[in-house]
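From a predicted model like this one, the values you see are computed outputs, not experimental measurements.
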Amino acid sequence: MAQPQERTPHRATAESLLPLLGGAGNITSVAHCMTRLRLGLVDRSLVQDEALKGLPAVMGVVEDDTYQVVLGPGTVSRVTPEFERLLEEERSAEPAAAPTADGLAADGLAAQGAALKAERKRRNATPVKLFLRRIANIFVPLIPALIGCGIVAGLAGLLTNLGWVPAVVPALAAIASGFMSLIAVFVGINTAKEFGGTPVLGGAVAAIIVYAGVAQVSVFGQKLAPGQGGVLGALGAALLAVQVEKWCRRWVPEALDVLVTPTVTVLVSGLATLFGLMFLAGEVSTAIGEFANWLLATGGAFAGFVLGGLFLPLVMLGLHQALIPIHTTLIQQQGYTVLLPILAMAGAGQVGAAIAIYFRLRRNTSLRKTIKSALPAGFLGVGEPLIYGVSLPLGRPFVTACVGGAFGGGFVGLLNQLGSAVGSTAYGPSGWALFPLLKGTSGLGTTIAVYAAGLLAGYVAGFLLTYFFGFSKQMRADLNTPSKDTAAATRAVDPASAQETEAARAPAGDDARQPAAV
């Protein structure tokens with residue numbers, strides 16, 4: 001019998017979430033990223049979306065390949081273990097499944113729900129998106145270490161810039177650099193785990209890349225350099241190791257498997273890494289770094305405008321995950337990624353748009369309340385509540401918000417073109433949360449000033465564009481009322497749907513209408 005857990009605030013949040021998600025029997029998997037609790041569900045229809053959104057700890061919900069509850073950075077990493085413990089307790093206390101009224105067992109109904117969910121997921125999934133999600137699963141677990149080491153590196157750099165270099169600065173530098181010097185190993189472990197191999201074998205092959213002794217190996221008449229190929233080389237090496245291991249598992253007799261399989265996997269994959277992958281991945285990594293620098297040095301303003309404006313649509317399509325290995329490669333090569341501060345301007349455009357909506361719809365108390373609760377998270381770079389709760393459902397404000405982010409990205413790109421490059425020593429955070437991770441070519445003060453000015457440009461552009469162009473006259477008339485119904489909110493975005501709603505509700509009369517949040 002499981003012992004009852006102490007009821008901490010995070011435990012209370014977990015207890016509030018579970019019944020609204022359909023109970024323990026409706027949860028098939030639990031994971032989390034930096035801001036979201038990601039859940040696999042048996043039956044999507046059992047989830048009470050509106051009640052979930054109304055919980056104080058919940059910033060919003062998102063449905064993708066998993067059902068995602070936005071809790072925010074810090075909170076999600078504390079709520080998830082409590083949620084998992086609560087699931088175990090609930091499942092251990094559940095009685096055996098009994099037949100339902102129509103003669104079907106509850107687990108039979110669950111199987112039907114799982115089949116429906118799998119079919120829906122199959123229709124929505126594409127090979128490209130699925131592959132990118134798997135790549136993201138390799139790199140996302142590395143984000144906490146990248147952030148921690150990045151901030152320590154920034155602190156060491158600040159002390160050095162101030163001229164204060166006691167013994168603690170080399171210690172801080174060692175702490176900050178230790179993880180980055182071995183990041184290829186962690187990538188190899190996660191790659192093997194994600195693609196069905198033995199994690200330690202993936203790490204063993206990837207470790208070859210950072211081993212100092214590779215400097216004695218010549219390929220195409222050139223000596224290899226430790227770290228050559230970086231995370232891309234580690235990714236390729238571990239993928240190859242997985243394929244070799246799977247081949248061995250099929251053909252090696254069980255009696256010899258424990259000796260032959262790991263030996264062949266490490267030997268074949270290791271030789272291929274040394275005499276091919278490291279060189280090729282090194283060339284690709286170098287090309288990525290040179291292209292990023294060239295892009296911002298020659299077309300900085302335009303490139304920044306495009307990147308800042310298109311980032312949120314990429315996020316919604318899941319295509320932003322292709323950028324994660326690029327960020328990691330740039331950080332490993334140059335010590336920072338110049339792309340992230342530009343992409344972070346997309347969130348600034350959303351914040352500016354939300355403030356414009358707040359002032360534009362002065363009589364819409366429900367929407368203004370949502371904006372007030374979501375803005376603090378938006379300033380810190382958590383944009384889901386503003387996107388999915390405010391701008392995206394309204395349509396046009398989402399477009400003007402993206403353009404506002406484009407202006408912020410264009411400003412940062414322009415300054416990069418003029419010689420003041422701004423980068424981040426880790427990827428993941430954005431908004432104000434990115435300040436401790438900033439690093440650039442013109443000193444810390446200038447770097448912070450450029451990034452802050454870019455945020456301000458995004459805020460202002462997003463505000464002005466949304467305030468003046470984010471609403472049609474009909475949208476303002478429908479939304480800017482102290483008491484509005486669902487049909488009015490729908491009519492602002494989709495007049496045809498609104499007419500159907502009005503026709504369906506007409507017999508009930510005006511007295512039957514109830515206010516509804518946008």
So, taking the atom named [atom1] in [X] and the one named [atom2] in [Y], what distance separates them when rounded to the nearest 0.5 Å?
X	Y	atom1	atom2	answer
Thr329	Leu235	OG1	CG	9.5 Å
Leu18	Ile27	CG	CD1	6.5 Å
Ile143	Thr328	CD1	OG1	8.5 Å
Leu37	Thr66	CG	OG1	9.0 Å
Leu455	Ser430	CG	OG	9.0 Å
Phe139	Thr191	CZ	OG1	6.5 Å

Could you go through Leu392 and Leu312, starting from their C-alpha distance and side-chain angles, then the distance that decides it, and tell me whether this counts as side-chain contact (heavy atoms from CB on, under 4.5 Å)?
CA-CA 11 Å; Leu392 187 59; Leu312 286 182; over 6 Å; no
Please report the shortest heavy-atom distance between [X] and [Y], naming the atom on each side.
X	Y	value
Val214	Leu224	O-CB, 3.4 Å
Ile331	Ala426	CD1-CA, 3.7 Å
Met278	Ala225	CE-O, 3.8 Å
Val70	Val62	CG2-CG2, 4.2 Å
Pro385	Met59	CB-O, 3.0 Å
Ala206	Val185	CB-CA, 4.3 Å

Would you give me the side-chain donor-acceptor pairs under 3.5 Å for residues 337-344, sequence neighbours excluded?
unit_1	atom_1	unit_2	atom_2	d
Thr337	OG1	His327	ND1	2.9
Thr337	OG1	Leu339	N	3.3

Stepwise side-chain contact (heavy atoms from CB on, under 4.5 Å) test for Leu155 and Val152:
CA-CA 5 Å; Leu155 179 59; Val152 172; 5.6 Å; no
Any non-hydrogen side-chain atom of [X] less than 4.5 Å from a side-chain atom of [Y]?
X	Y	value
Ile288	Leu232	yes
His320	Leu132	no
Pro429	Leu437	yes
Val200	Ile189	no
Ile387	Val390	no
Pro141	Asn190	yes
Leu17	Val58	yes
Leu274	Val219	no

Is the count of non-hydrogen atoms from other residues, nucleotides or ligands lying under 6.0 Å from Arg38 atom CZ greater than 12?
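Yes, CZ of Arg38 has more than 12 neighbouring heavy atoms, counting only those of other groups under 6.0 Å.
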Crowded around Phe435 CZ? As in, over 12 foreign heavy atoms under 6.0 Å?
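Above 12, so yes.
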Donor-acceptor contact present, side-chain [X] to main-chain [Y], <3.5 Å:
X	Y	result
Tyr451	Trp432	no
Thr447	Val422	no
Asn416	Val412	no
Asn26	Leu41	no
Thr425	Tyr336	no
Arg36	Leu71	no
Gln68	Leu39	no
Ser177	Ala174	no

Among Thr263, Leu256, Asp257, the one residue meeting side chain to side chain contact (heavy atoms under 4.5 Å, CB included) with Val260:
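Passing option: Leu256.
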Run the ring-centre check on Phe179 versus Phe186 and record whether the distance is less than 6.0 Å.
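Aromatic pair counts; centres sit under 6.0 Å.
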[X] side chain to [Y] side chain, donor-acceptor N/O pair below 3.5 angstrom:
X	Y	answer
Tyr67	Asp49	yes
Thr261	Glu245	no
Ser285	Gln333	no

Check ion pair Arg11-Glu89 (N to O, under 4.0 angstrom):
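Salt bridge: yes.
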Check this for me: does any side-chain nitrogen of one of Arg85 and Glu82 sit under 4.0 Å from a carboxylate oxygen of the other?
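Salt bridge: yes.
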Please test Phe83 against Leu87 for side-chain contact (heavy atoms from CB on, under 4.5 Å), starting from the C-alpha separation and ending with a verdict.
CA-CA 6 Å; Phe83 190 83; Leu87 277 179; 3.8 Å; yes
Check the orientation of Phe195 and Phe131. Use parallel for under 30°, tilted for 30 to 60°, and perpendicular for over 60°.
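Ring orientation, 0 to 90° scale: tilted.
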Evaluate Gln350 against Phe398 for side-chain contact (heavy atoms from CB on, under 4.5 Å), listing each step before the verdict.
CA-CA 7 Å; Gln350 289 291 322; Phe398 178 75; 3.6 Å; yes
